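Below is one structure, written out as structure tokens, with a few remarks after it.
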Amino acid sequence: MTRGTGRRTPIRTLLTIAKADEAVVATGWVKTSRFSKNVSFMHLYDGSTTKTVQVVLTPEQTEALQSRLVVGACVRATGKWVVSPAKGQAFEIAADSIEVLGDVDASAYPIQKKDTSFEYLRTIAHLRTRTNTFQSVFRVRNALSWQIHKFFQERQFLWIHTPIISTNDAEGAGECFGLAHGKPGDPPFFGAPAMLTVSGQLNVECFAEAFTDVYTFGPTFRAENSNTARHAAEFWMIEPEICFADLDDVIALAQDFIQVVGRATIAQCAEDFEFFDARIAQDKEFTNKTLAILDRPFARITYAEAQDILLKSGKKFEFPIGHGTSMQSEHERFLAEEYFKGPVFVTNYPRVQKAFYMRLDDGGETVSATDLLVPRIGEIIGGSQREDRLDVLQEQLRVRNMPEAPYWWYLDLRRYGTVPHGGFGLGFERMLMWMTGMTNIRDVIPFPRTPGHADF
RNA sequence: UCCCGCUUAGCUCAGUUGGUUAGAGCAUCGGACUGUUAAUCCGGGGGUCCUCAGUUCAAAUCUGAGAGCGGGAGCCA
């Protein structure tokens with residue numbers, strides 16, 4: 001654990017390894033302060049932990065600084081690390097000197113030491129980072145990112161930086177954001193209309209067929225007018241691609257990924273998950289239940305079996321069920337939340353419901369695709385074994401009235417040294433929501449972009 | 001894009017059947033007090049009741065339109 005720059009010590013470090021009577025320098029912002037004639041207290045946070053450090057002030061320091069040590073003020077406290085005589089903490093700082101580095105006008109500061117709605121905090125996204133909830137959310141977001149890279153790196157996957165700018169709309173995964181430059185009527189900068197990527201998959205497949213196991217992890221853009229708590233116009237996606245692999249291998253990787261990364265993230269951010277259990281989730285056993293799910297195999301059924309389950313459930317659904325129907329949100333939630341009570345892989349969807357690059361099953365009616373459905377969130381992963389046979393892939397383009405020309409390089413992968421391979425795309429923010437219990441994707445993205453909103 | 005709901009103090013909200021000067025908690029400001037833990041106690045200030053139009057003797061309250069926000073659906077990750 002770092003000792004900081006040498007001129008200060010992170011609060012997390014202070015609380016774990018500082019020794020009694022050691023001279024310390026703590027820096028941070030005031031979380032709360034309490035003043036009285038004989039002795040005063042101030043709590044500082046610096047983002048390194050869910051906890052604060054208590055600084056004890058003398059009457060002279062109180063007199064001089066009371067009006068300035070308000071919530072949000074930036075402070076440097078120098079003093080001695082001493083045993084606390086009170087119950088709330090083992091140690092505290094007996095301050096020798098306190099400097100206010102940044103004042104706050106308390107009558108105007110919008111962050112208060114009280115519950116505040118997430119809706120309101122979204123309107124002050126530049127300041128919401130200072131609240132307990134968002135401190136925990138973004139520490140976990142950082143840890144989850146780190147554990148994702150760790151998982152793949154330890155398994156010899158290469159991280160591929162697939163392009164953000166694209167001139168083909170990949171797989172038709174969704175509506176694209178077009179790129180404009182210069183004056184209207186200028187020739188296209190890239191020689192063809194360009195857009196922000198909707199997926200790195202087709203690009204990363206090129207690397208898979210040279211490095212065997214690869215992944216992308218980066219921002220993705222969808223211009224769909226989606227107004228839900230689970231959709232954003234800019235989000236991060238994890239897309240591994242593995243060779244010499246079929247759908248079973250893809251599913252095994254996906255399950256291993258979620259379980260290993262999930263457990264490691266909870267272990268790395270134990271304090272933050274305690275906070276979510278206490279303050280965000282309705283259920284105090286929320287994280288323990290997540291850990292239990294991460295310890296046992298996920299359910300797996302085919303699309304056809306899923307339809308049989310829905311038909312036999314006797315439940316009234318708003319949308320039609322039965323073979324050939326497309327699975328709606330209510331059906332997915334029934335399967336994950338009520339029937340399996342946990343994550344479930346659904347496989348072998350009808351060909352017509354899925355993308356052109358998914359491998360056609362024997363019989364030609366279904367494809368080797370899978371969605372992973374989880375309680376509360378719905379679809380968190382979409383994956384498939386890819387069509388590795390050139391003639392079948394060409395036929396799949398043809399039946400969808402898609403031109404071959406833009407995909408010449410993608411088809412080359414099947415012309416030269418083709419290989420059974422597959423992969424999946426996992427919505428990073430959806431996994432974060434599933435783990436933390438946060439219910440709105442806007443509250444797990446630093447500065448969320450949704451229809452009508454790209455503020456800050 | 002569709003359906004539903006909400007909008008009252010800095011924040012979170014209450015506001016009866018339309019009726020006189022629109023309330024509470026927290027925050028804030030002033031004071032007191034305490035090894036305090038979102039401290040406690042006393043006092044003060046703070047309002048375009050989202051906007052516009054209408055009904056009415058009278059509108060926070062009823063009607064219409066608009067805006068913003070939220071929930072759900074579709075699309076998907």
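None of the values given here were measured: they were computed from a predicted structure. Below, chain A is the first sequence line, B the second, and so on; all start at residue 1.
Comment: A/Asp213 does not engage A/Arg155 in a salt bridge, judged by the lack of any side-chain N to carboxylate O separation of less than 4.0 angstrom. Salt-bridge annotation for A/Asp443 and A/Arg128: present, with a side-chain N of the basic residue lying under 4.0 Å from a carboxylate O of the acidic one. A salt bridge is defined here as a Lys NZ or Arg NE, NH1 or NH2 lying under 4.0 Å from an Asp or Glu carboxylate O, and A/Glu379 with A/Arg230 fails to meet this definition. Salt-bridge annotation for A/Asp455 and A/Arg122: absent, with no side-chain N of the basic residue lying under 4.0 Å from a carboxylate O of the acidic one.
The side chain of A/Glu92 lies closest to B/U36 when the candidates are B/U36, B/C75, B/C76. Here the side chain of A/Ala106 is nearest to one of B/U28, B/U1, B/G35, namely B/U28. Relative to the side chain of A/Glu379, the nucleotides B/U1, B/A77, B/G35 differ in distance, and B/A77 lies closest. Here the side chain of A/Ala229 is nearest to one of B/U36, B/G72, B/C75, namely B/G72. Looking at the side chain of A/Phe235, the nearest of the listed nucleotides B/A77, B/U36, B/A73 is B/A77. Of the candidates B/A73, B/C75, B/C33, B/A73 carries the atom nearest the A/Ser329 side chain, counting heavy atoms from C-beta on. For A/Arg442, counting side-chain heavy atoms from C-beta on, the closest listed nucleotide (B/G70, B/U36, B/A77) is B/G70.
Among residues two or more places apart in sequence or in another chain, the side chain to side chain donor-acceptor pair (under 3.5 Å) test is passed with A/Gln268 by A/Gln147. Judged as a side chain to side chain donor-acceptor pair (under 3.5 Å), and not counting sequence neighbours, A/Gln135 has no contacts. Partners of A/Glu63 by side chain to side chain donor-acceptor pair (under 3.5 Å), not counting sequence neighbours: none found. For the side chain to side chain donor-acceptor pair (under 3.5 Å) test, residues two or more places apart in sequence or in another chain that qualify with A/Ser326 are A/Gln328.
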Output a table of nitrogen or oxygen pairs between the protein and nucleotides 2-7 of chain B separated by less than 3.5 Å.
none

Review item, nucleotides 11-13 of chain B N/O atoms under 3.5 Å of protein N/O:
unit_1, atom_1, unit_2, atom_2, d
B/C11, O2', A/Lys114, NZ, 3.3
B/C11, O2, A/Lys114, NZ, 2.7
B/U12, OP1, A/Ser117, OG, 2.5

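When only modelled atom types and interatomic distance are considered, A/Ser199 and A/Glu239 share a side-chain donor-acceptor pair under 3.5 Å. Counting only N and O atoms by type, the side chains of A/His231 and A/Glu224 include no donor and acceptor under 3.5 Å apart.
The phosphate of B/C69 has OP1 or OP2 within less than 4.0 Å of a side-chain N or O from A/His453. Look at A/Ser107 and you won't find any side-chain N or O under 4.0 angstrom from OP1 or OP2 of B/C29. Listed pair A/Arg230 / B/G72 fails the phosphate criterion, with no side-chain N or O lying under 4.0 Å from OP1 or OP2. For the pair A/Thr32 and B/A39, the criterion of a side-chain N or O lying under 4.0 Å from OP1 or OP2 is met. A sub-4.0 Å separation between OP1 or OP2 of B/A39 and a side-chain N or O of A/Arg34 is present. In terms of phosphate contacts, A/Arg122 brings a side-chain nitrogen or oxygen within less than 4.0 Å of OP1 or OP2 of B/G70. Taking side-chain N and O atoms only, A/Lys113 has a distance below 4.0 Å to OP1 or OP2 of B/A39. Considering only side-chain N and O atoms, A/Gln328 lies under 4.0 angstrom from the phosphate OP1 or OP2 of B/C75.
Comparing the same atom, C1', in B/U51 and in B/C11 gives a spacing of 23 Å after rounding to whole Å. Distance noted for atom C1' between B/C49 and B/A24: 16 Å (whole Å). Rounded to whole Å, the C1' atom of B/G31 lies 32 Å from the corresponding atom of B/G15. One C1' atom belongs to B/G47, the other to B/C13, and the distance between them is 15 Å to the nearest Å. Taking atom P on both B/C52 and B/G45, the two are 28 Å apart, rounded to the nearest angstrom. On the C1' atoms, B/A27 is 11 Å away from B/A9, given to the nearest whole Å.
Remark: C1' of B/U37 and OH of A/Tyr45 are 18 Å apart, rounded to the nearest angstrom. For A/Phe35 and B/C29, the CZ to P distance is 11 Å, given to the nearest whole Å. If you measure from atom CD1 of A/Ile441 to atom C1' of B/C76, you get 11 Å, rounded to the nearest angstrom. In this structure, the CG atom of A/Leu373 is 13 Å from the C1' atom of B/C76, given to the nearest Å. In this entry the distance linking CG of A/Asp455 with P of B/C69 reads 9 Å, nearest Å.
Among the protein residues, A/Ile238 comes within range of no part of the nucleic acid, since none of its heavy atoms lies under 4.0 Å from any strand. Across all strands, A/Lys31 comes closer than 4.0 Å to no nucleic acid atom at all (heavy-atom distances). A/Glu330 comes within 4.0 angstrom of nothing in the nucleic acid, heavy atoms only. As judged by a 4.0 angstrom heavy-atom cut-off over every strand, A/Phe319 is placed among residues touching the sugar-phosphate backbone only. Residue contacts shown for A/Ala232 include a base, since a base heavy atom lies under 4.0 Å away.
For the ring-ring contact (aromatic ring centres under 6.0 Å, His included) condition, the pairs that include at least one residue of residues 437-456 of chain A, sequence neighbours left out, are A/His126-A/Phe456. For residues 98-109 of chain A, the side chain to side chain donor-acceptor pair (under 3.5 Å) pairs, not counting sequence neighbours, are A/Arg68-A/Asp103, A/Arg76-A/Glu99, A/Asp105-A/Ser107, A/Tyr109-A/Arg130. Contacts classified as side chain to side chain donor-acceptor pair (under 3.5 Å) and involving residues 256-266 of chain A (residues at least two apart or in different chains) are given here: A/Arg263-A/Asp295. Sequence neighbours left out, the pairs with a member in residues 343-353 of chain A that pass side chain to side chain donor-acceptor pair (under 3.5 Å) are A/Asn348-A/Asp361, A/Tyr349-A/Asp371.
Shown here is A/Tyr339, whose OH atom has no more than 12 heavy atoms of other residues, nucleotides or ligands within 6.0 Å.
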Which dot-bracket string fits RNA chain B when only Watson-Crick or G-U wobble pairs with both atom distances under 3.5 Å count, crossing pairs get [ ], and | stands for a partner on a different strand?
-> (((((((..((((.....[...)))).(((((.......))))).....(((((..]....))))))))))))....
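Residues from residues 256-266 of chain A with heavy atoms under 4.0 angstrom of RNA chain B: there are none.
Among A/Glu330, A/Glu337, A/Glu338, the single residue meeting the salt bridge (charged side-chain N to carboxylate O under 4.0 Å, His left out) criterion with A/Lys315 is A/Glu338.
Comparing A/Ser33 and A/Phe428, the nucleotide of RNA chain B nearest to each residue sits closer to the 5' end for A/Ser33. Map A/Gly452 and A/Leu426 each onto its nearest nucleotide of RNA chain B; the residue landing nearer the 5' end is A/Gly452.
Below 30°, between 30° and 60°, or above 60°: for A/Phe345 and A/Phe298 the angle between ring planes is between 30° and 60°, a tilted geometry.
For a distance-only test at 3.5 Å, the side chain of A/Ser226 qualifies as a donor-acceptor partner of the base of B/C75.
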